[in-house]
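In what follows, a single structure is set out as structure tokens and then discussed.
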Amino acid sequence: MYRGKKKVQHDKRQDAQTTRADEQKSGQANSQQEGRANSRTAEEQWSEQGATPISSRLQENQDYLEALFQDSSDFVIREFEIDKGRQAVCVFVDGLVDTSQVNMVLKALMIDEGGSGTSERISMTTLPSSQITEVDHFKDFVKLILAGDTGILIDGNNNGLVLGLRGGDVRVVAEPETEKVVRGPRDGFVENLRTNTALVRRKLRTPNLKMKPMVLGRQSRTALVVSYLEGIVDPKVVEEVVGRLSRIEIDAVLESGYVEELIQDSTNSPFPQVQYTERPDTVAASLLEGRVAIIIDGTPFALIVPTTFWQFLQASEDYYERYQIATLVRWLRYTFLIISLFTPSLYIAVTTFHQAMLPTPLLLSIAAAREAIPFPAVIEAFIMEISFEALREAGIRLPKMVGQAVSILGALVVGQAAVEAGIVSAPMVIIVSITGIASFTIPRYNASIAVRMLRFPLMIVAAIFGIYGVILGGLFILGHMANLRSFGVPYLSPTGPLSVGDLKDVLIRAPWFAMKKRPEFLSTGNQNRLGETMREELLQEGGQKGKTIEHKSEEGSG
């Protein structure tokens with residue numbers, strides 16, 4: 001009886017707890033719904049306000065704008081008169097416009113005595129601007145003003161004129177810091193969208209170069225363009241890129257990294273599936289291969305899709321140097337990639353489980369060096385790897401002059417002191433140093449980070465299972481990469497699935513006359529990128545025919 005009563009009380013407590021949990025979940029769900037509703041409401045409110053048509057009464061328009069931009073000190077409304085007493089206002093955001101051009105426009109309007117104050121006449125005969133747009137609603141008017149344009153509202157006209165007078169302080173075009181080359185163009189993207197699109201347009205002067213405009217971010221209203229070469233790119237890829245971008249709902253896009261994470265195929269993979277670059281020539285080369293570029297306002301990094309793993313081991317310079325040199329350098333990168341990924345784990349596995357694999361003199365030397373070390377090899381490796389990563393991170397974050405000193409002094413002093421103190425052995429310092437140097441040879445920073453991340457789990461499995469763990473870990477990584485896709489393209493293309501014709505730009509960097517076709521795995525609309533007869537002529541002649549020219553010096557000597 002007592003047990004039954006206790007059980008009933010226990011059941012009641014459980015029911016009460018379940019009810020409270022349900023109420024909490026319901027409350028959270030309601031608050032989330034309210035949040036979404038509030039978000040939608042704000043968006044709807046703006047849409048409703050923006051749908052307000054521009055009035056023919058200037059004072060009403062001015063009152064509307066002053067209320068909308070209340071407490072916005074950078075928003076400027078400049079009142080003036082045109083056409084013998086007709087009131088007008090010039091509207092812009094200070095810092096986003098070219099002030100000298102705005103002054104020139106105001107001067108032209110103030111001295112205008114054309115007689116008719118209609119927007120059509122003024123835009124056709126008075127305004128000295130090449131970009132003039134007529135808008136009827138405040139939604140379009142305010143959107144363009146916030147993007148850096150200048151608006152003109154004239155009393156008696158129920159529309160506004162928007163002039164493309166964007167300006168302000170922008171960074172000058174300079175060589176990219178993250179993708180330096182010995183031979184190649186020195187121009188790099190900046191934070192201005194139009195400057196970046198112009199840099200690409202200068203390299204591809206064809207009407208087939210398309211730049212589809214889009215806007216992302218409910219608050220930031222960040223402009224971007226989806227760039228591709230019509231007739232070469234697969235239209236399905238462009239459609240997929242635009243579709244994924246259209247589905248993004250976010251408050252702001254402050255850097256291309258926001259977009260990269262939201263459009264990539266697999267969010268949980270450490271491997272990057274979208275390539276970013278600061279170089280216009282890299283974007284142009286990718287477009288010529290049939291890829292799609294996303295250029296975003298406010299960031300110097302453009303995104304390139306679809307992406308394969310081998311792209312992260314290729315540099316722009318590979319295509320500017322002779323193909324023999326580029327091939328040799330590419331092989332060095334592949335070798336150092338393997339060294340960077342597997343060397344610490346192999347050292348741990350061999351010194352812990354498979355000492356017989358080492359020559360006796362080397363084994364005795366390592367044993368003597370590790371005699372006074374109190375930690376197993378895996379702890380040594382973790383201490384040194386974490387210290388190395390900390391030094392590298394500090395070197396990046398600190399000012400340039402200080403950062404280099406910290407990196408050099410830290411590596412020398414900490415490494416030497418750790419060996420003398422008996423915390424780590426000298427062979428482990430050598431292994432970590434080789435690994436760190438090898439990781440610097442990977443051209444793309446995001447791919448280098450992925451390799452650095454995977455090094456740690458490989459060291460753990462090496463400490464537990466020996467060299468078998470390293471092999472299994474390597475196979476797991478390979479299997480994971482084989483399952484990845486980037487906008488429908490297998491991540492390991494053209495090696496998996498194998499496409500023999502495309503290996504000429506992966507295993508080696510074939511000479512240009514041998515790369516007649518674009519990559520097959522991209523399903524481009526036009527496969528040929530070299531003249532029909534040029535390859536055959538070069539192969540038959542062994543080079544250009546200019547070598548047959550007989551110069552005067554040769555005639556004289558003969």
Side-chain angles (χ1 to χ4, degrees), residues 69 72-76 78 90-106 127-133 141-152 162-181 184-205 209-217 219-227 245 251-260 276-284 287 293-304 316 399-400 445:
F69 288 96
S72 300
S73 59
D74 58 340
F75 184 74
V76 178
R78 169 72 165 85
C90 175
V91 183
F92 59 90
V93 177
D94 193 16
L96 297 182
V97 299
D98 186 341
T99 311
S100 61
Q101 292 193 51
V102 173
N103 292 337
M104 185 172 65
V105 167
L106 286 174
L127 289 174
S129 176
S130 59
Q131 298 179 20
I132 302 177
T133 307
F141 187 79
V142 172
K143 184 173 68 176
L144 292 171
I145 298 301
L146 291 175
D149 289 339
T150 301
I152 302 290
V162 180
L163 285 66
L165 305 179
R166 300 182 186 185
D169 295 328
V170 294
R171 189 164 59 92
V172 298
V173 176
E175 185 176 9
E177 287 292 330
T178 58
E179 295 175 82
K180 290 182 179 292
V181 294
R186 306 290 180 185
D187 53 346
F189 287 136
V190 294
E191 286 75 11
N192 185 274
L193 177 64
R194 278 296 155 234
T195 304
N196 294 342
T197 55
L199 289 172
V200 178
R201 180 71 70 177
R202 284 177 187 171
K203 299 186 183 300
L204 300 174
R205 301 178 184 183
L209 176 61
K210 305 299 181 185
M211 295 192 178
K212 188 179 181 63
M214 296 185 73
V215 176
L216 291 182
Q219 303 296 333
S220 64
R221 309 294 299 171
T222 306
L224 62 87
V225 295
V226 178
S227 182
L245 290 171
D251 280 345
V253 175
L254 304 181
E255 214 282 331
S256 59
Y258 287 46
V259 177
E260 179 183 343
Y276 66 78
T277 181
E278 283 186 89
R279 300 187 61 85
D281 56 331
T282 301
V283 169
L287 297 180
I294 304 168
I295 306 172
I296 303 171
D297 191 28
T299 172
F301 293 97
L303 305 178
I304 297 171
S316 304
K400 191 173 182 180
Y445 183 69

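Only heavy atoms go into these numbers, but all of them, side chains included; no hydrogens, no water, no symmetry mates.
No donor-acceptor distance shorter than 3.5 angstrom exists from the side chain of Asp149 to the backbone of Ile145, with no hydrogens or angles considered. Checking side-chain atoms of Glu179 against main-chain N and O of Glu278 turns up a donor-acceptor pair under 3.5 Å. For the pair Arg279 (side chain) and Ser316 (backbone), a donor-acceptor distance under 3.5 Å is absent. In this structure a side-chain-to-backbone donor-acceptor pair under 3.5 Å is missing from Arg78 to Phe92. Formation of a donor-acceptor pair under 3.5 Å by the Asp297 side chain with backbone atoms of Leu193 is found in this model. A donor-acceptor pair under 3.5 Å is absent between the side-chain atoms of Thr277 and the main chain of Thr282, judged by distance alone.
Taking all atoms of both residues into account, the shortest heavy-atom contact from Pro280 to Gly188 is CD-CA, 3.9 Å. Ser220 and Ala252 make their closest contact through OG-CA, 3.2 Å (heavy atoms, listed as atom of the first residue, atom of the second, distance).
Separation of atoms CG (Leu199) and CG (Leu204) is listed at 11.5 Å; rounding is to 0.5 Å. Rounded to the nearest 0.5 Å, atoms CG (Leu163) and CG (Asp98) are 12.0 Å apart. With rounding to the nearest 0.5 angstrom, the CZ atom of Arg194 is 7.5 Å from the CZ atom of Arg166. Rounding to the nearest 0.5 Å gives a distance of 9.5 Å between CG of Asp187 and CD of Glu175. From Ile296, atom CD1 reaches atom CD of Glu255 across 7.5 Å, with rounding to the nearest 0.5 Å.
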Applying side chain to side chain contact (heavy atoms under 4.5 Å, CB included) to Arg186 and Val181, what does each step give before you reach the verdict?
CA-CA 8 Å; Arg186 306 290 180 185; Val181 294; 4.2 Å; yes
Please determine whether side chain to side chain contact (heavy atoms under 4.5 Å, CB included) holds for the pair Val105 and Thr150, giving the CA-CA distance in whole Å, both sets of side-chain angles, and the decisive distance to 0.1 Å.
CA-CA 10 Å; Val105 167; Thr150 301; over 6 Å; no
Test Cys90 against Leu106 for side chain to side chain contact (heavy atoms under 4.5 Å, CB included), laying out the working first.
CA-CA 8 Å; Cys90 175; Leu106 286 174; 3.8 Å; yes
Criterion side chain to side chain contact (heavy atoms under 4.5 Å, CB included) on Phe189 and Thr195, from CA distance to verdict:
CA-CA 8 Å; Phe189 287 136; Thr195 304; over 6 Å; no
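Counting heavy atoms from C-beta on, the side chains of Ser227 and Thr197 never come closer than 4.5 Å. For the pair Leu287 and Val200, the minimum side-chain heavy-atom distance is below 4.5 Å. Counting heavy atoms from C-beta on, the side chains of Ile294 and Ser256 never come closer than 4.5 Å. Looking only at side-chain heavy atoms (C-beta outward), Val190 and Asn196 come within less than 4.5 Å of each other. Proximity of Leu245 to Leu224: side-chain heavy atoms (C-beta onward) are separated by under 4.5 Å at one or more points. Annotation: side chain of Phe69 is in contact with side chain of Val142 (closest heavy-atom distance under 4.5 Å). Considering only heavy atoms from C-beta on, Arg221 stays 4.5 Å or farther from Leu146 through its side chain. A 4.5 Å side-chain heavy-atom check between Thr178 and Phe301 finds at least one atom pair inside the cut-off.
Around CZ of Arg202, the count of heavy atoms belonging to other residues, nucleotides or ligands within 6.0 Å does not exceed 12. By the 6.0 Å contact criterion, NZ on Lys203 is enclosed, its count of non-hydrogen atoms from other residues, nucleotides or ligands being greater than 12.
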